[in-house]
Amino acid sequence: MDEKYFAKKIEEKWQKKWAETRAFETVVDDAKPKFYQLEMLPYPSGNLHMGHVRNYSAGDAVAWYKRLKGFNVLHPIGWDSFGQPAEDAAIKRGVNPREWTEENIIAMRGQLERLGISYDWSRQMAAHRPEYYKFDQWFFLKMYEMGLAYKKKTQVNWCETDQATLSNEQASGGLCWRCGNPVTKKDLDQWFFKTTAYADQLLDDMVEVEAGWPQNVLKRQKDWIGRSEGAFVDFNVVSGTVRPADHPVSETLPPLLRQEGSQDATPPKTGGEPKNHIRVFTTRIDTIYGVNAVVVAAEHPVIVEHLSAFSTDILQKVSEIRAEKLNPTDHDADAVKDGIDTGLKAVNPFSGEQVPVWIGNYVMMEYGTGAVMSVPGHDERDFEFAKKFGLSIKTVVEPENTGGNASVNERASAAGAEDTDEKGTLPNGRVSARSEAFTEYGVMINSGEWSGKTSDDGKKEMTAFAAEHGFGEAATTYRLRDWGISRQRFWGSPIPIIYCSSCGVVPEKYENLPVKLPDTAPFTGKGESPLAKVPEFYKTTCPKCGEPARRETDTMDTFVDSCWYYFRYLDPNNTEMPFSSEKAAYWTPVDQYIGGDDHAVMHLIYTRFWTKVMRDIGLVTFDEPVKRLLTQGMVVGETFFADEGGKKKYYMPSDVTATRDAKGKITEAKSADGKALRHAIERMSKSKGNGVDPDEMIEIYGADAARIFVLFAAPIENELVWHESGIEGAVRFLQRVWRVAWKWKEQVQGSRFKVQGEHFSDTARKLRQKTHKTIKRVGENLEALQFNTPVAALMELSNALTEFKVEPDAATGGDVYAVREAIEALALMLTPFAPHSAEELYSAIVGNDKGMIANDARFPEFNAELAKTDEIEIPVQVNGKLRVKIMVSPDITDDDLRETVMNDEKVKEYVSGEEVVKIVVVPKRLVSIVVKG
RNA sequence: GCCGGAGUGGCGAAAUUGGUAUACGCACUAGACUCAAAAUCUAGCGGGCUUAACGCCCAUGUCGGUUCGAUUCCGACCUCCGGCACCA
C-alpha cells in the first residue's frame, strides 16, 4: 500500500493476481449453497460502451456480495457473436467476419478485464464457434422431431431491383430504402418455431417469477402474448355476386391480384344457395344481435374465392387495401377506416338476419380468423366504420343497474340521437346520431330470447348454444405469433435441413452436426441467402437415400443463440450434449439476471419458451429459467457547452437552453443567465453512437471510480445521464478512504487489536455504532438490488472515520479497535463496488496479499447491540407541528417517555393555557400532543 | 386512443413504507494553505420573515379528503416519460 492512491497500479496488481490464482473459477460443490449471477452477454462490436459498464458493474456487485456471504458463485460471460454487424463490417472493409469477430472478442475481453469484473473466463462461450452452434442445430432437430419447428410460406417485402427482402422499416412508403424503387411482395419459405404451442404456459407460469421480475416486464410480456378468450361463430354465406358470368375478368385485375384471380376465371354461381361460411372470432358474442355486417380482411379466403366475380371497384379496393398493408404507415391507428361492400350476404346464426359482407382495412388476416362481426353499437372500430359508410347502428347492451329500455333512450337522447324502435334500429334513415359505442359489459336488450341476461351470462350461454347447434365454439386466440427464425444471411447458425428431390425435407443426422459455415461467402448485403452461392456448402447427399441433395441455405435468427447460452456456461466443453443435466440441476435456474430492458419482450420470451422445450426434452426440471430479473436503465450522453473563456462547463439540459434547426442540430445555446455558449460537444448521443469510451475513463479515473460512479449516480433502473464531473466525486471518495486507512495503517495492521473487551471512549463507541448501522444498511440494500444507497452509506462511514479525531499515536486500544473494525468493514463492504481498492485495503489490514478469496473473507456481521445509540432524539409535535426535540434513552418505556415529554420546559411553554386533548406516543419514534385552546 | 410509470433544492437523488423532508454526491459561494494555480481542508448552500442570539411561516406537480401527523393512503386535475398501436 502506497501513501498515495494510484488506481492504475492497484488495479493492475489485483487483476493479475485474480487471473493467476483463477480466483473466480468455480465448480459444482454440493457442500455450499450456489448462486448463479448472470448478465446479458454482449455483441462483440469491438468496444464496450457505458451501458455495458453499468450492466456488468451491477452484476459484479451482486456476485461479490454473494461470494462474501459464503455462496458458491457462478459468474460467467460470453459472446453473442452471430449477427448482422459482422457481415456489414465484412462488406464495408473487406474483412473476414470470423476474424473480425475473434479480434473484437479479444479486444472486449481486455476491456472487461481492465474493468476488473470477476468473471470465470474458463466458461466463456461464443455463438459463432461450431462447438456452440452445433447445439443450436441439435435443438433445431429436436424441435423438428417434436413438431415445434416447421416450414411455411410467408409474404415478405421484396425489392426486385436489389433482389432483397426488406423489413417493414426498410420498405416504408412502399419504396426500397436502398434503391428507391417500388417494393413488391414475395412468398418465401421460412422456418418457424411454434412458440404459440406454449402460449398458455408462457402466460400462466409468469406467477412463478412474479415476485422477482419487474412489473413492467411482466406486463409487456402479457401484452405480447395477448391471450383473449371468446368464441368462433360461423356466418353462412348465402348469396354470391353481381357480375355477369361471361364478363372476362383477368385483365381487369390489378397487378397484385392477377395471379390469384387468374387461377379461377370462372365466376361462382350466383343465387341464394348456401355456398360456404365465414367464421368470425369475437370476445363479445353477447352483442351478436347488434351485428350489422361481417367484415373480412382483404386476404380472406372468401374474397380470394370470389375474386373473379367482383366488380372492378371492389377489386380496385381490395388491391388498395392490400398495398397499404404491405407498406404500413407509421401510425396505423391514425389510419382512416376503409372498405367496400362485396355484395355477398351472410346469415347471423342467432337472429337469422342477413347482413352484408364487407371488406375492411382494419381487419387483420393474421389474427383470429381474419373476419369479424361488426357491432357498431358496442365496438369503437365498428362504430367508426359504420359511421363512415352509413351503416345502421343497433343497441343490444345497456349499462346495468339503470333498468329497462328507458335508459337506453335516455342515453341516446342525451347523445342527441333519435330514439330507436323496439328492435333497436332507427325508425327512419339508417344512420344513428350516437356519438360513441358503449363498450362495457351490461344487460342484454333487443336480443330475442337472450334479452335481460347480463353480458357475462350471455357470453357463456350463447357460446354453449352455438356449440350445441354446430355453428360455433369457445375459442382462445393469441397475439403471439410463431417465431420466424429463417434469415437470408451468412453470419448465423445454418439450419440443419436437407432438401431431397425424392425424400423431400430431410433433417440432418445428429452425428453429422455441426453443419459448418464455410469460411466465407459472396455476400453483398443484397440478394438471397449468401450460402446459396456456395456450392461446397449446399451440395450434399440425402441422409435418407444417399442421392445428391441440397442443403437449406438460410441461417437462424441470432435470438436462437441467446436462448440457451447461459446453460452452455455450465458445461462449455461438452461435445455430446448442449450441457449436462446434472450440472444444470446444481447451477440453474439463474438466481439473478441483469440486462437492458430493451430485451424485456423478445429475448426473455424466447428464452422462457426454450426452457420449456428443454424441460419437455428432459434436460431441465423447471419451468422458468430466471428467478430474479433486473432491468437497468440506459446510459445517455451529456451535452456540454463552454462559455466564452472556455473555462466553465454548462450541461444539457439542466443549465442550457438550446435552439435547434429542423434536423435537430443545435444552432444557438444560452446559459440560464443568458450568456451565449459555444463549443457544444455532444457525447454518447443515442443516435450518433459516439459514446464515452470506458477505456478512457479507466485510464483517467480508474476502474473502481468508474464502477462506483455508474452505480452511485442513479438508481439502477433509472436512466443515467453521464456527467464527467460525477466520476471525479467517486475518485475523491476512494482517495478519502485511502487517506484515512493510510493514516491508521501501522496501528491497525495485523491482529494486534483484534480482541474484544477493550475500553471504548464515547467517540469510539459512536464510530462502532456507525459501522454496524452501515453494515445493516449496505447488506439490506444489496439484498434489495439497490446500489446507489449503499454507496452513500459507505461514504457516510468513511466521513465518520475521517472525522474520528484521535491521533493514531495517542489512540487507546479501544479506539484502535474501533478504527480497525471500521476500516475492515469498509474494505469488505466496498468490495462489490470497488474490488481493487477493497482488496488492497483489506490486505493492508490482515497483513497478507493473498486476497479475499484465499483468505475466505466474509461480509461483516451486523451486531444490533453495537449499533444501538446511547440516546435517541424524540421529536415532539404539538398539533401536528414539530416543536421540540428531546434526547432520551433508547430503552425508555412509553409511559416514561410521555412523562419526560410533558415535563419538558419547552413543551410546557407550547402547551400552557391549552387543554391537552390527546397524546400519541409512537414507541422510540415520536410524541404528538393535541391541544385545544 | 389504450395500458403502465413518474413528478422532492441549481442537478443526480435519500427518506426505516403513515412519524424529525432534502441523507449522500455533483455544481456553486466564502475562507484557510499557496508567489500563484491545481489538489486538499473548513464553513455555507430550498424559499421567505425576523433576531445580537433564540425563533416563526411556507415548501415534496396542482386542488381537495382521511389522520394527532401525509413525499407516503384516497379522489379529481396538470405535466413528463415509457410500452402497445385497428388484436375484434
Side-chain angles (χ1 to χ4, degrees), chain A residues 214-220 222-224 226-228 230 280-284 287 295 328 330-337 360-364 366-375 378-382 384-385 439 477-481 597 600-601 633 648-651 653-655 672 708-709 712-715 717-721 723-730 732-733 735-736 739 773 776-777 780 786 788-799 802 873-885 917-931:
Chain A
Q215 280 306 307
N216 100 83
V217 173
L218 294 170
K219 181 193 164 282
R220 282 166 63 186
K222 216 173 248 179
D223 289 350
W224 180 270
R227 179 159 72 192
S228 156
V280 304
F281 174 71
T282 178
T283 54
R284 292 297 303 274
T287 65
V295 186
D330 288 342
H331 295 283
D332 280 336
D334 298 341
V336 276
K337 298 277 181 294
N361 68 340
Y362 69 104
V363 180
M364 298 183 303
E366 309 79 49
Y367 181 77
T369 59
V372 302
M373 56 182 222
S374 168
V375 186
H378 305 285
D379 181 280
E380 280 167 21
R381 295 151 303 183
D382 297 339
E384 204 188 311
F385 194 68
T439 59
T477 61
Y478 303 87
R479 214 177 180 121
L480 182 73
R481 306 283 148 78
D597 78 344
V601 180
K648 194 173 161 184
K649 283 180 183 176
Y650 294 82
Y651 294 96
S654 51
D655 30 43
I708 283 200
F709 174 65
F712 172 67
E717 58 278 1
N718 286 18
E719 186 174 86
L720 168 60
V721 179
H723 273 207
E724 201 152 325
S725 53
I727 195 172
E728 288 166 15
R732 281 198 281 269
F733 164 58
Q735 285 172 337
R736 272 198 301 273
R739 239 176 275 131
K773 281 183 173 172
K776 183 159 188 274
R777 268 176 78 185
E780 283 173 355
Q786 288 163 351
N788 56 330
T789 44
V791 174
L794 293 177
M795 286 172 171
E796 284 184 47
L797 178 58
S798 134
N799 290 346
T802 307
E873 192 183 55
I874 298 287
V876 180
Q877 295 181 348
V878 180
N879 284 349
K881 289 207 161 132
L882 175 70
R883 292 302 181 191
V884 182
K885 295 173 189 175
V917 180
K918 193 174 176 183
I919 301 171
V920 181
V921 178
V922 183
K924 292 167 198 181
R925 268 275 159 73
L926 165 142
V927 176
S928 183
I929 304 163
V930 188
V931 297

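These numbers come from a predicted model, not from an experiment.
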Measure from the side chain of [X], starting at C-beta and using heavy atoms only, and say which of [options] lies closest.
X: A/Glu796; options: B/rC86, B/rA88, B/rA23; answer: B/rA23
X: A/Ser725; options: B/rA27, B/rG12, B/rA15; answer: B/rA27
X: A/Lys219; options: B/rA13, B/rC68, B/rC3; answer: B/rC3
X: A/Asn799; options: B/rA27, B/rG25, B/rA88; answer: B/rG25
X: A/Lys881; options: B/rC58, B/rC68, B/rA14; answer: B/rC58
X: A/Tyr362; options: B/rC86, B/rA13, B/rG25; answer: B/rC86
X: A/Arg925; options: B/rU20, B/rA88, B/rU16; answer: B/rU16
X: A/Asn361; options: B/rA13, B/rA15, B/rC86; answer: B/rC86
X: A/Val930; options: B/rU20, B/rC68, B/rA13; answer: B/rC68
X: A/Leu926; options: B/rA13, B/rU20, B/rA23; answer: B/rU20

With a non-hydrogen cut-off below 4.0 angstrom, is [X] in contact with a base, only sugar-phosphate, or nothing?
X: A/Gly226; answer: nothing
X: A/Gly880; answer: sugar-phosphate
X: A/Arg220; answer: sugar-phosphate
X: A/Asp597; answer: nothing

Runs of at least three consecutive Watson-Crick or G-U pairs, both distances under 3.5 Å, are what I'm after; which ones involve RNA chain B?
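Correct response: B:1-7 with B:78-84, B:10-12 with B:24-26, B:28-32 with B:40-44, B:46-49 with B:55-58, B:61-65 with B:73-77.
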
Does A/Lys337 count as lying over the ring of A/Tyr362, i.e. NZ or CZ under 6.0 Å from the six-ring centre, within 45 degrees of the axis?
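Pair A/Lys337/A/Tyr362 counts as cation-pi.
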
Any protein N or O atoms within reach of nucleotides 41-48 of chain B? Criterion: under 3.5 Å, listing atom names and distances.
none

For B/rC81 and B/rU34, measure between their C1' atoms and round to the nearest Å.
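B/rC81 and B/rU34 have their C1' atoms separated by 49 Å.
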
